[in-house]
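Chain identifiers are assigned alphabetically (A, B, ...) following the order of the sequence lines, protein sequences preceding nucleic acid strands; residue numbering begins at 1 within each chain.
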Number of protein chains: 2
Amino acid sequence: MARKTGSHAEITGPAIRAAALRLFARSGYAAVSMREIASEVGVRAGALYLYTPDKQTLLFELMKDHLEGLIAEWRSMDVLGAPPERLEKFVKYHIGYHFDRGDDVFLAYMELRNLSEENFATVEALRRAYEDELEAVLAAGQSDNTFEISDVRVTTRAMIAMLTGVHVWYRDGGRLSRDSVLRIYWDLARRMVNA
Amino acid sequence: MARKTGSHAEITGPAIRAAALRLFARSGYAAVSMREIASEVGVRAGALYLYTPDKQTLLFELMKDHLEGLIAEWRSMDVLGAPPERLEKFVKYHIGYHFDRGDDVFLAYMELRNLSEENFATVEALRRAYEDELEAVLAAGQSDNTFEISDVRVTTRAMIAMLTGVHVWYRDGGRLSRDSVLRIYWDLARRMVNA
DNA sequence: GTCTATAGATGGATAGAC
DNA sequence: GTCTATCCATCTATAGAC
């Protein structure tokens, strides 16, 4: 962790973001100090300001980059298959993302309150765009009668909440394997739309 | 809001708790100052310490009292009906509680990270006890084959997450009435267990 | 690029007057 | 029961040395 004085632009920047992500996710944005982040990286607090104009921007960019990546990656893999296949793919993609990047997902979910008004609007639009990806799948299935859904919008929100909840309890090495969890949640999602 | 100096023990105590609840839910525990709470109540910060030993205890008691009430009220109304009826009752009870006491539910859900180790253990046990109430209903339905569930524990958690998510988007006066929301979520929950 | 030092603000909590 | 005043810790962010 500790590091001697010198030039390390290539590693310090990402290290700061990684430390901030981990600490924000664990303790909450407001409860984490810049000194704490710096200490985790092995620099002094002042050095952080070479990489971010302020703490708020650090939080905002973590959330924004995460959500943009989440959406872009999904769009790159969503194909025009039948709605049930697309839904299965979405469910497993979403939960798989939680397995590997749980802190990112958690942060984007928990720290909305600590964004400035302007940053909140940007992040909220991204969250809505991601939700719309699932909603499009459900709507497609309703149109061709492979799904039976009473309210597409509410079902979308309910399903996202259900899937995101996996981060509350899942830990690697526990009672269930990742594959088991994927199977169970896909089964629940499938039933929610009568597929 | 502002109030003259004098004795107001009967109203100041509850007013402090109400203000703290609202502010903690809106901005997060760590982001709210004791001065802010006091200002909302119409007293100075020092006066708060006549009613709570410290800020941490204020948070803890809000969460603890809410969860104890949530569990006690449910236990007082859960009867030994058939599992599908009991599940319907639970779903509507849980969401109904969100409608009327959204801040309490939100707080107990979001501020776990800001509890001291000891307080966390207490609150976590209460949360688990509430989860167990739903799990008992699902397990009963699995035993008598009115439900078809692949993993009772995971289904319990998934359902709680789904139901709790209603607080993210529901607002009175929106597109859907409370009754519509209850109906839609009950339908989703019913499908999750193939009832 | 990082450090030391510090300005300037704000935080939780307490003491003592009323 | 509440207020004023304040202690002391801590915070974000900046300035200037290296």
Side-chain angles (χ1 to χ4, degrees), chain A residues 1-24 26-63 111 113-119, chain B residues 1-24 26-63 111 113-119:
Chain A
M1 217 91 79
R3 183 148 41 78
K4 294 284 181 278
T5 299
S7 296
H8 300 275
E10 330 74 41
I11 62 172
T12 302
I16 288 170
R17 294 167 56 88
L21 173 62
R22 214 166 58 78
L23 292 170
F24 287 164
R26 171 174 306 174
S27 310
Y29 171 78
V32 174
S33 71
M34 294 298 265
R35 282 181 179 81
E36 212 173 335
I37 297 168
S39 163
E40 186 83 359
V41 175
V43 298
R44 298 295 190 165
L48 300 185
Y49 293 88
L50 293 166
Y51 301 92
T52 183
D54 49 37
K55 190 185 174 189
Q56 165 73 205
T57 304
L58 187 52
L59 172 66
F60 171 61
E61 290 184 346
L62 285 172
M63 296 175 75
E111 296 297 347
R113 293 180 303 187
N114 287 304
L115 289 170
S116 70
E117 200 171 343
E118 190 187 352
N119 290 342
Chain B
M1 219 89 82
R3 184 149 41 80
K4 297 283 182 278
T5 298
S7 296
H8 299 276
E10 330 74 40
I11 62 172
T12 300
I16 289 171
R17 295 169 54 89
L21 173 62
R22 215 166 58 77
L23 292 170
F24 287 164
R26 171 173 307 174
S27 310
Y29 171 78
V32 174
S33 70
M34 295 299 268
R35 284 176 177 81
E36 210 173 336
I37 297 168
S39 163
E40 186 83 358
V41 174
V43 298
R44 300 294 190 164
L48 300 184
Y49 292 88
L50 293 167
Y51 301 93
T52 182
D54 49 38
K55 192 184 173 191
Q56 165 72 207
T57 304
L58 188 51
L59 172 67
F60 171 62
E61 289 184 347
L62 285 172
M63 295 174 76
E111 297 296 348
R113 293 180 302 186
N114 288 305
L115 289 170
S116 70
E117 200 172 343
E118 190 187 352
N119 289 342

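Side-chain contact between Ile16(B) and Thr52(B) is absent, with no heavy-atom pair separated by less than 4.5 Å. Within the 4.5 Å cutoff, the side chain of Glu118(B) has no heavy atoms near those of the Phe60(B) side chain.
Summarising the geometry, the separation between CG on Leu48(A) and C1' on dG1(C) is reported as 12 Å, rounded to the nearest angstrom. One can place CZ of Arg44(A) at 16 Å from C1' of dT12(D), the figure rounded to the nearest angstrom. Remark: C1' of dT2(C) and CD of Glu10(A) are 14 Å apart, rounded to the nearest angstrom. As a whole-Å value, the separation of Ile16(B) CD1 from dG1(D) P is 11 Å.
In this view, Gln56(A) and Tyr29(A), Asp54(A), Leu115(A), Ser116(A), Asn119(A) satisfy the side chain to side chain contact (heavy atoms under 4.5 Å, CB included) rule, not counting sequence neighbours. Residues forming a salt bridge (charged side-chain N to carboxylate O under 4.0 Å, His left out) with Arg113(A) (at least two apart in sequence, or on another chain): Glu111(B).
Pairing each heavy atom of Ile37(B) with each of Leu23(B), the nearest pair is CA-CD1, 3.8 Å.
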request  = Show the numbers, then the answer: is there a side chain to side chain contact (heavy atoms under 4.5 Å, CB included) between Met34(A) and Tyr49(A)?
outcome  = CA-CA 10 Å; Met34(A) 294 298 265; Tyr49(A) 293 88; 3.6 Å; yes
request  = For each nucleotide in nucleotides 8-13 of chain C, reading 5' to 3', give B when a protein heavy atom comes within less than 4.0 Å of its base, S when such contact involves only the sugar-phosphate, and - otherwise.
outcome  = ---BBB
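OP1 or OP2 of dT2(C) sits under 4.0 Å from a side-chain N or O of Thr12(A).
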